[in-house]
Every structure is written in C-alpha cells, then in structure tokens.
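Notes follow the structure.
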Amino acid sequence: MRTSDYLLITVMALSFSSASVLVLLSRAPGPVAATWRLVFSSAILMAFSAATGRLRELSALRKRDLALLLLSGVFLAAHFDLWMTSLYFISVAVSVTLVDSYPAVLVVVGRLLFKESYSARELLGSLVAMAGVAMLSLLDPSARFLYGVILSIGGMISMVAYLSLGKAMRRMISTTSYTLVVYSSAAAVSGLVSLVGGFNMVRYGPASWAYLLALAVIPMMGGHTVMNYLIGRRNLIASTIAMMAEPVGSAALAYVIFGQVIRPEEAAFMAVTLLGIGVATTPRRP
C-alpha cells in the first residue's frame with residue numbers, strides 16, 4: 001500500500017475509536033443515535049455531491065444497482081442499530097471487540113465471493129479470532145450479558161454483509177455516490193426502527209445533539225467513508241485492518257470517561273481475538 005493509504009488507515013483507527021463513547025455520551029437509544037448519525041452524514045455528502053456535480057452520477061444508476069445500494073443501506077442500519085444498542089448492556093471493550101471481529105470473517109468472504117487470495121496463515125488467524133469471540137461471548141452467563149453479546153455479534157454479521165456488498169458496488173460507482181445512497185437509505189431504516197420502537201427522536205439537550213453530530217463527523221466521515229474509499233482500491237482486509245485498533249482505543253476512552261475497567265479474563269479473550277485478527281490481516285511479504 002502507498003503512504004497515503006497508511007495515513008488514511010490511521011485516520012480510520014482514530015475515528016472509529018471514538019464511536020462507542022460518543023453513542024453513550026449522547027444518551028440516545030441505539031437506533032436513534034444511528035438515525036441522526038446517518039442523517040447528518042447524508043446531509044454532508046449531499047452538500048458535497050451538489051457542489052461537485054456528483055448528483056448526475058446517481059441518475060445513471062440501473063435499477064438493479066440501486067436496489068443493491070438500498071440493500072447495503074439496510075445492512076448498515078442493522079449494524080448500527082444492533083451494535084449501538086449492545087453498548088447499553090455490555091462493556092465498551094467487549095462490545096467493540098465482538099463487533100470488530102468481522103475482518104476474520106471477511107477473509108473467508110473475500111476468498112469465496114471475490115476470489116481474493118489468502119494464505120493458510122491468514123485463514124488460521126481467522127479461526128483463532130473466532131475462537132476468541134466464542135470465549136468472550138461465553139464469559140458471563142447472565143441474560144443481560146448474553147443479550148448484549150447477541151446484539152453485538154448481530155452487528156458484526158450485518159457489517160460483513162454491508163462491506164461485501166460495498167466491495168461489489170464500489171467497482172462501479174464513486175465513493176461519494178455510493179455512500180450518499182447507502183447512508184441515506186440506512187438513515188430511513190434506522191428512523192423507521194426508532195419510530196416503531198417508540199423512542200424519543202428529538203427531545204435531547206444541546207450536549208446530546210453535539211455528540212450526535214460528532215458521530216457523523218468523526219467515526220462516520222473519518223471512519224466509514226474513508227473505509228469505503230479504500231474498499232474500491234484494496235482488498236477487504238487491507239481496507240478494514242484499522243478496526244484492530246478500535247477495541248483498544250475505545251476501551252481506553254471508556255475507562256477515562258466512564259471508569260469502565262476491563263477484567264483480567266476479558267483482557268485475555270480480547271487479546272486472543274485481536275491476535276487472530278492480527279495474524280489474519282498482517283500483509284504478506286512480496
């Protein structure tokens with residue numbers, strides 16, 4: 001990868017690390033936080049698209065391509081709604097580690113769907129990461145913990161589907177047009193979930209709105225949008241490797257801001273998961 005790619009990966013890692021604490025600081029339910037994060041992001045992209053003439057590209061989309069973009073938005077909404085909700089049931093460290101285990105799954109997806117080449121070492125790393133996820137998921141038998149784990153893993157599976165569709169579509173459409181359609185459709189889905197769930201959508205104080213806007217500007221534009229840009233140029237693993245840093249960064253922020261302490265067993269199983277992801281995603285020598 002080029003130097004610029006490593007710079008973008010660093011921006012992604014720092015941006016993603018802020019997401020979980022911003023959700024909790026907003027005090028908004030998962031689907032509501034997702035809705036406004038996506039609404040604000042879509043507004044930013046709409047303004048940029050209008051200013052740069054990108055909106056013309058959308059009119060040229062075929063119905064099949066548009067349908068796939070909308071489906072990608074559904075998976076993105078599911079990822080946000082499930083994972084953000086899990087933050088209110090389990091610790092940031094556990095939730096983020098589980099949801100960020102998807103690079104290990106993407107090794108298999110990239111090999112099967114996109115014919116990307118992965119070595120035995122990378123496949124072994126994927127298995128180790130999944131073993132770490134299993135151990136972390138069974139750490140606490142309480143119903144509350146298991147519910148949070150299910151939500152987080154559901155968010156991870158949705159992320160795999162979202163990224164897989166994104167990999168296919170980014171070959172045919174620019175980053176700006178792709179993200180505008182996907183984020184907008186995801187905002188509509190999360191908004192509908194929020195309304196059906198009877199959640200408060202607007203009665204929040206200035207601080208909450210500031211954190212919701214920050215969710216759009218930092219982890220969404222600096223994280224997801226940059227990642228979608230890289231997906232159009234690199235394989236799935238190279239584009240998502242920054243996620244390895246998120247559990248560590250998020251856990252550190254959660255400790256400083258909320259006093260969330262990582263238990264020794266949690267740290268051990270997180271280490272196994274991250275080790276597996278590291279083995280699976282370390283670039284091979286030429």
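Index from 1, following the sequence.
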side-chain contact (heavy atoms from CB on, under 4.5 Å) assessment of Leu192 paired with Val196: CA-CA 6 Å; Leu192 180 61; Val196 172; 4.1 Å; yes
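- In terms of heavy-atom proximity, Ala34 sits nearest to Met84 at N-SD, 3.6 Å.
- Residues Val11 and Val96 are members of separate hydrophobic clusters, defined by side-chain heavy-atom contacts under 4.5 angstrom among Ile, Leu, Val, Met, Phe, Trp and Tyr.
- Hydrophobic clustering (ILVMFWY, side-chain heavy atoms < 4.5 Å, transitive): Ile44 and Trp209 are in one cluster.
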Residue pair Leu98, Met156: steps toward the side-chain contact (heavy atoms from CB on, under 4.5 Å) verdict: CA-CA 7 Å; Leu98 291 175; Met156 181 269 286; over 6 Å; no
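- Taking every heavy atom of both residues into account, Ala33 and Val23 meet most closely at CB-CG1, 4.4 Å.
- To the nearest 0.5 Å, atoms OG (Ser185) and CG (Leu69) are separated by 7.5 Å.
- Of all the heavy atoms in Leu215 and Ala19, the pair that sits closest is CD2-O, 3.6 Å.
- Glu266 is listed as a side-chain neighbour of Ser91, based on a closest heavy-atom distance under 4.5 Å.
- Within a 6.0 Å radius of CE in Met135, more than 12 heavy atoms belonging to other residues, nucleotides or ligands are found.
- Enclosure of atom OH in Tyr147 is not indicated, since only 12 or fewer non-hydrogen atoms of other residues, nucleotides or ligands lie within 6.0 angstrom.
- Considering CG of Leu151 and CH2 of Trp83, their distance stands at 12.5 Å, rounded to 0.5 Å.
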Run Phe89 and Arg144 through side-chain contact (heavy atoms from CB on, under 4.5 Å) and show every step you take. CA-CA 6 Å; Phe89 291 88; Arg144 182 180 180 84; 3.8 Å; yes
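- To the nearest 0.5 Å, atom OG of residue Ser184 and atom CG of residue Leu38 are 8.5 Å apart.
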Run the side-chain contact (heavy atoms from CB on, under 4.5 Å) test on Met201 and Thr35 for me, step by step, so that the C-alpha distance in whole Å, both residues' side-chain angles and the decisive distance to 0.1 Å come before the verdict. CA-CA 9 Å; Met201 291 288 293; Thr35 299; 3.9 Å; yes
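- Residue Ser177 holds its OG atom at 9.5 Å from CG of Leu45, rounded to the nearest 0.5 Å.
- In this structure, Ser26 OG and Leu213 CG are separated by 12.0 Å, a value rounded to the nearest 0.5 Å.
- For the residue pair Leu87 and Leu24, the shortest heavy atom distance occurs at O-CD2, 3.8 Å.
- At a cut-off of 3.5 Å, with distance as the only test, no side-chain donor of Thr179 or Asn228 sits close to an acceptor on the other residue.
- Ser72 and Tyr178 share a donor-acceptor pair across their side chains, judged by distance under 3.5 Å alone.
- Under the 4.5 Å side-chain contact rule for hydrophobic residues, Phe48 and Ile173 do not share a cluster.
- The two residues Gly249 and Ser17 come nearest to each other via the heavy atoms CA-OG, 3.8 Å.
- Remark: aromatic rings of Tyr183 and His224 are distant, center separation not under 6.0 Å.
- Between the side chain of Asp65 and the backbone N or O of Ala67, no donor-acceptor pair lies under 3.5 Å.
- In this structure, the side chain of Ser137 engages the main chain of Val133 through a donor-acceptor pair within 3.5 Å.
- Side-chain contact of Ser86 with Ser95: a donor-acceptor pair under 3.5 Å is present, judged by distance alone.
- With rounding to the nearest 0.5 angstrom, the CD1 atom of Ile262 is 10.5 Å from the OH atom of Tyr255.
- Val74 and Phe80 are not part of a single hydrophobic cluster, where members link through side-chain heavy atoms under 4.5 Å apart.
- Without hydrogens or angle criteria, Ser41 side chain to Arg37 main chain gives a donor-acceptor distance under 3.5 Å.
- Closest of all the heavy-atom pairs between Thr85 and Asp81 is OG1-O, 2.6 Å.
- For the pair Glu265 and Leu136, the minimum side-chain heavy-atom distance is 4.5 Å or more.
- Side-chain atoms of Val248 and Met270, non-hydrogen and from C-beta on, never get closer than 4.5 Å to each other.
- Put simply, Phe16 and Leu14 are part of two different groups of oily side chains (I, L, V, M, F, W, Y) that touch within less than 4.5 Å, one to the next.
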